Amino acid sequence: WADDVASYFVKAVDLEAATDQTFELGGPEAVSWNEFWDRLKRARGSRSPSFHVPTGLMPLHAMLL
């Protein structure tokens with residue numbers, strides 16, 4: 001939850017023990033972008049298809065949308 005993350009980092013700013021540390025925000029399980037997207041769609045009950053857009057076409061895609 002975004003509010004939880006923000007609160008955590010506000011507290012960490014003043015903690016000496018937090019200096020130069022890495023904080024894991026996503027949990028212990030690493031997933032690919034495709035798996036993340038599939039899980040998000042399932043959680044939201046979305047059955048719409050996903051389309052891959054090459055990175056080079058993203059500015060055009062953004063301009064069109």
Side-chain angles (χ1 to χ4, degrees):
W1 190 253
D3 291 339
D4 294 340
V5 173
S7 175
Y8 183 79
F9 277 102
V10 166
K11 292 176 186 174
V13 166
D14 294 325
L15 292 175
E16 184 69 31
T19 302
D20 295 323
Q21 297 298 312
T22 300
F23 299 94
E24 179 63 50
L25 298 178
E29 184 181 4
V31 297
S32 69
W33 176 255
N34 289 339
E35 178 64 20
F36 166 77
W37 195 248
D38 288 341
R39 289 181 185 190
L40 178 63
K41 286 181 11 178
R42 276 196 309 270
R44 297 186 71 208
S46 174
R47 296 186 321 173
S48 61
S50 297
F51 299 97
H52 290 271
V53 177
T55 306
L57 293 178
M58 291 303 288
L60 176 62
H61 183 250
M63 187 171 58
L64 292 172
L65 295 176

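Below, each value reflects all heavy atoms present in this structure, side chains not excepted, and no hydrogens, waters or symmetry copies. On a predicted model such as this, the values are computed, not experimentally measured, just so you know.
In this structure the side chain of Leu64 never reaches within 4.5 angstrom of the side chain of His61, judged on heavy atoms.
Annotation: Arg42, atom CZ; neighbour count of heavy atoms from other residues, nucleotides and ligands within 6.0 Å is above 12. Atom CZ of Phe9 sits in a crowded spot, with more than 12 heavy atoms from other residues, nucleotides or ligands closer than 6.0 Å.
The aromatic rings of Trp33 and Phe36 sit tilted, their planes meeting at an angle between 30° and 60°.
Cluster annotation: Val10 and Val5 are assigned to distinct hydrophobic clusters (Ile/Leu/Val/Met/Phe/Trp/Tyr, side-chain heavy-atom contacts under 4.5 Å, transitive).
When all heavy atoms of Lys41 and Ser50 are compared, the closest pair comes out as NZ-OG, 2.8 Å. Contact record, Ala12 with Ala18: O-CB, 3.5 Å, taken as the closest heavy-atom pair. Closest heavy-atom contact between Ser48 and Ser46: OG-OG, 3.1 Å.
The CD atom of Glu35 sits 7.5 Å away from the CD atom of Glu29 when rounded to the nearest 0.5 Å. If you take CG on Leu65 and CE on Met58, they are separated by 9.0 Å, rounding to the nearest 0.5 Å.
Proximity of a side-chain donor or acceptor of Ser7 to a complementary backbone N or O of Asp4 within less than 3.5 Å is not detected.
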